[in-house]
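All remarks here apply to the structure that follows.
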Amino acid sequence: MRLATWNVNSLKARRGRVEEWIAEHGPDVLLLQETKCADAAFPAGAFSQLGYESACHGDGRWNGVAIVSRVGLTKVRAGFGDRVLSASAECRLISAECDGVRVYSVYVPNGRAVDSEYYGAKLEWLANLRAELDATCDPAAAVALGGDFNIAPEDRDVWDIGEFAGLTHVTAPEREALRDVMAFGLVDVVRRLHPEEAGPFSWWDYRGGAFHKGEGMRIDLVLASAPLAARVTGAFVDREARKGQGSERQPSDHAPVVVDLAP
DNA sequence: ATGGTAGCGCTGCTA
């Protein structure tokens, strides 16, 4: 199974690129974030024509997540289910079962600034994600979370930690909240396959030629339960998809993260 | 130098 995750920064603006990318890379399951797409406007028919089922959770101009699969798509759960949580109103989580794997498309809140209310909401959302895992799946089974976590797990996951003093994405409480999620029993697949490297980065700011200068961050992650992580045969970030060539539309500011799994 | 770019949608917010 080829599993991929991609923050597309508007599915409407990225339709052509996403369809081209699917045709070129043949993901069996593609997890999307920042679709900025209400469920009523989700292009399920376009994915269907490519041979994929889909499930979406979006309400309009911000956020929005989806799962696209050609190996089955059942037991869909949007958001945090029936649990009433103040931080769960936004469309940032959807999960389903695809070919025996429980997959979660995750879009962690940005947090904006450390001294803002949004930073606390980010930490609360991550605690709710851990509770969601405890309530809905088993780390002894095949489980995968893919998405934009808006956290760089280590200093080497940003281009220059000196530029991040006092900023979100690298603070100790955020990293601790991520570790609490992973303590469910999850492995950072790309990091495990690239143990000695910085990055590989998955996001670069649109501004200031950051991609060209290599000023990126590794904030898009695939986290797998131990039984699923044992099936990993390869993992990479597709930097090509971040380039602007060959299309009238801009690329997303995120690159897809791809993980290949043995049966 | 408190900038810069993209998306949404039409004003300024979010990232």
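Only a predicted model underlies this, so the values are computations on that prediction, with no experimental measurement involved. Heavy-atom basis, side chains included; hydrogens, waters and symmetry copies ignored. Proteins get letters first, then strands, A, B, ... in listed order; numbering begins at 1 in each.
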By nearest heavy atom, map A:Asn150 and A:Gly208 onto DNA chain B; which one lands nearer the 5' end?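 It is A:Gly208, whose closest nucleotide lies nearer the 5' terminus.
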Atom [atom1] of [X] and atom [atom2] of [N]: how far apart are they, to the nearest Å?
X	N	atom1	atom2	value
A:His212	B:dT5	NE2	C1'	17 Å
A:Asp59	B:dT14	CG	C1'	14 Å
A:Gln250	B:dG7	CD	C1'	11 Å
A:Lys213	B:dT5	NZ	C1'	13 Å
A:Phe211	B:dG4	CZ	C1'	18 Å
A:Arg242	B:dT5	CZ	C1'	10 Å

Salt bridge A:Arg17-A:Glu20, side-chain N to carboxylate O under 4.0 Å: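 Result for this pair is no, no salt bridge flagged.
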Can A:Asp260 and A:Arg231 be counted as an ion pair, charged N to O under 4.0 angstrom?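 Looking at A:Arg231 together with A:Asp260, the answer is no, because their closest N to O distance does not fall below 4.0 Å.
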Establish, yes or no, whether a centroid distance under 6.0 Å links the rings of [X] and [Y].
X	Y	result
A:Trp21	A:Trp6	yes
A:Phe164	A:Trp159	yes
A:Phe42	A:Phe47	yes

Output one line per pair: protein atom, nucleotide atom from nucleotides 8-10 of chain B, and distance, for all N/O pairs under 3.5 Å.
from, atom 1, to, atom 2, distance (Å)
B:dC8, OP1, A:Ser10, OG, 2.3

When you check the phosphate oxygens OP1 and OP2 of B:dA15, does a side-chain N or O of A:Arg207 lie under 4.0 Å from one of them?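 False: A:Arg207 side-chain N/O out of range (4.0 Å or more) of B:dA15 OP1/OP2.
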Counting any heavy atom closer than 4.0 Å, what does A:Tyr118 reach on the DNA or RNA strands: base, sugar-phosphate only, or nothing?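 If one applies the 4.0 Å heavy-atom cut-off, A:Tyr118 turns out to touch nothing in the nucleic acid.
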Minimum-distance nucleotide to A:Arg14 side chain [options: B:dT14, B:dA6, B:dA15]: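 Shortest atom-to-atom distance from the side chain points to B:dA6.
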Separation of A:Lys12 NZ from A:Lys36 NZ (nearest 0.5 Å):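 If we round to the nearest 0.5 Å, A:Lys36:NZ and A:Lys12:NZ are 12.0 Å apart.
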